[in-house]
Amino acid sequence: MTTITQTQTRTNLAPKRLGKLAVNLNAILAIAYRDFLKLLRDRARIFSTFLFPLIFIGFLGGGMQATFGARSGYNFLAFVFTGVLAQTLFQSTALGIISLFEDRANDFSQEIFIAPISRYSIVFGKILGETLVALPQGLGIILFGFILGVPMNFAQVVGLVVVSLIASLYGGAFGMMILGMVPSRRAADQLFPFVFLPQFFTAGVFVPLQNLPLPLEIVSLLSPLRYAVDVTRNVFYAGTADFDAVVLSPLWVNLAVLGGSFVVFMFIGTLLFVRAERNR
Amino acid sequence: MTPIIQVSHLIKRYKNTQTNAVDDISFHVAPGEFFVLLGPNGAGKTTTISILTTTLAPTSGKIEIAGHDLVNDSNGVRESVGIIFQNPSLDQNLTAEENVRLHATMYGLYPFRPAYWMMPRAYKDQIRELAEILGIQNEIHKPIKTYSGGMKRKLEIIRSLIHHPRVLFLDEPTTGLDPVSRRSLWDYLTQVRAEKETTVFLTTHYLEEAEQADTICILDRGEIVAQGTPEQVKANLVENYLLLDAADRDALRQELRRHKISFVELPLFKIELNGNSDHHLTPHQLLKMIDTPLTTVKIHSPSVEDAYLAILKAHDDDHTNANPH
């Protein structure tokens, strides 16, 4: 009985809408899911995302284990594995956020930016979407680690999945801030190597950071990636003999820095990006 | 009636530029009106429509749309308008239905669901209806990539209408479409206007599209150079005239002088029908007065295109006189 009346009244009445908060939450999910669907439909991209970490962990980790492993006193493969896991996810979402520029170029972002929702919802939906895209990569890396012989138990795997989520979200917020500060895709592409490559070292992805001289220690403390890497090792090495040799700061310190800077990055990034978009 | 769009003293100057892209324009649009913003490339049409649709911030000026202040209540404005951008804004990786679903969720019409079959009945009914209008019952779940240009445009319009906007903005929607698609899109828009009483705000440089408008506003170099109904714009700025010729041109000349009808020899005899002369004659009255056998009779009645070109030319001349180089 209702179908007919609904059709008749629909033309004249404004449609019933969800409440403000509900709209925003649903919109975040819808925007995020769109990115995930895109990944599922892009087989080539899925394949290529697995290749890079495989090379890193397999060759670099394996090679370094052979040369330094014995002297460092702990499993170097596992050390590089945890570093690369955090680094890959962090970088993947950060670079993914740059697709906001791409959307703008093919004009799809206009459709999102005219929606009657908070700008923060748009950005958070985008970060969540890139996180959903990065997570399968994380699972892939964990699987490679396992195949290559990184020793891990079930609890560690669960812990890695959780920190993968954290590293991805955090990378997204970081990418958003970079995005807010640069005027174009080209500028972003030029800036990204300077932002990411040094962090391979300052965040301790491949090299241990214990006993750094003070100036380098300060640079390291200012590297956002350091906390994502360290939280990963916090979880992975918890309760093992190598914990003290590998982990830099306690878990709560890492989580506090990650949480705090996530909020700051996202807030500043969104503000700058929206302002740059509208105040041309 | 309170205008649904009210723009006063809108100015937009882009960063690092010396001139205003939109230079102090004011206009209003009544509810249900079909309003056309005309102008050459670079006149400021897209700038204006981008500001009205909240994607670009104005430099100064006051704008109200459907009772919402553009600067302080952009989300209020966003809820009340639908927008068709100059470039297609569909997501190529998604199906038609997924594009519509994303839109519906972002406008708060339905909660998010990851798949079509999970959506509520009302939504599915709506989709079925839309597919029928478009004649794509079989393709609605196929990726956008497979659609023709005209089809995509129609889909965008349908998508923008599902949240029942009070104003539909269209920024050169028919650019790049073939004549058949253009006509069919046009018919569809006319139908939408009739059924839903949606206010339509269109920018175009196809002049025949402006003929059906309620109001035309001509923009050039960021300024409004003419505004009114198509008839007013034509009447105020363009002459209606008659062109005559005869084998015996001396006889015709003398006869016209005898009747005190002013004319110009081009070499055809050009006679103003309205405006400048003190005669306000219909072509019929005029022809009845002439006995000399005529070899040529031509009535010039302007199209919007003539008016448009004349107006732009006049504005151009003003500019050249004002800033001699």
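This is a predicted model, so every value here is computed, not measured. Just so it is clear: chains get the letters A, B, ... in the order the sequence lines come, proteins before strands, and each one is counted from 1.
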### Query
Which one of A/Val23, A/Ile114, A/Ile117, A/Ile28 has the most heavy-atom pairs closer than 4.5 Å to chain B?
A/Ile114
### Task
Could you tell me the separation between the CG atom of A/Leu18 and the CG atom of B/Leu109, rounded to the nearest 0.5 Å?
8.0 Å
### Task
Name the option with the most non-hydrogen atom pairs under 4.5 Å to chain B; the candidates are A/Ala22, A/Ser121, A/Ala27, A/Ala115.
A/Ala115
### Query
Given that the side chain runs from C-beta out, which part of B/Arg113 has a heavy atom under 4.5 Å from chain A: side chain, backbone, both or neither?
neither
### Task
Return yes when atom CD of B/Gln137 has more than 12 non-hydrogen atoms of other residues, nucleotides or ligands closer than 6.0 Å, and no otherwise.
yes
### Query
Of the non-hydrogen atoms in B/Tyr107 and A/Pro116, which two are nearest, and what is the gap between them?
CE2-CD, 3.2 Å
### Query
For A/Leu37, which of B/Thr95, B/Asn93, B/Leu94 qualifies under side-chain contact (heavy atoms from CB on, under 4.5 Å)?
B/Leu94
### Query
Is there a side-chain contact between A/Ile31 and B/Met106 (heavy atoms, below 4.5 Å)?
yes
### Query
Please walk me through it: do A/Glu111 and B/Leu102 pass side-chain contact (heavy atoms from CB on, under 4.5 Å)?
CA-CA 10 Å; A/Glu111 162 69 8; B/Leu102 179 62; 5.7 Å; no
## Note on the structure
In short, A/Lys38 meets B/Asp91 closest at the heavy-atom pair CD-OD2, 4.3 Å
### Query
At what distance, to the nearest 0.5 angstrom, does CZ of A/Arg41 lie from CD of B/Gln92?
12.5 Å
#### Entry: Note, B/Asn75 side chain near A/Lys20 side chain (heavy atom, < 4.5 Å)
no
### Query
Would one find more than 12 heavy atoms of other residues, nucleotides or ligands at under 6.0 Å from atom CZ of B/Arg166?
no
### Summary
With chain A, the option among B/Val81, B/Leu161, B/Thr53, B/Thr55 that has the most non-hydrogen atom pairs under 4.5 Å is B/Thr55
### Summary
If one checks every heavy atom of B/Glu98 against chain A at 4.5 Å, the contacting part turns out to be side chain
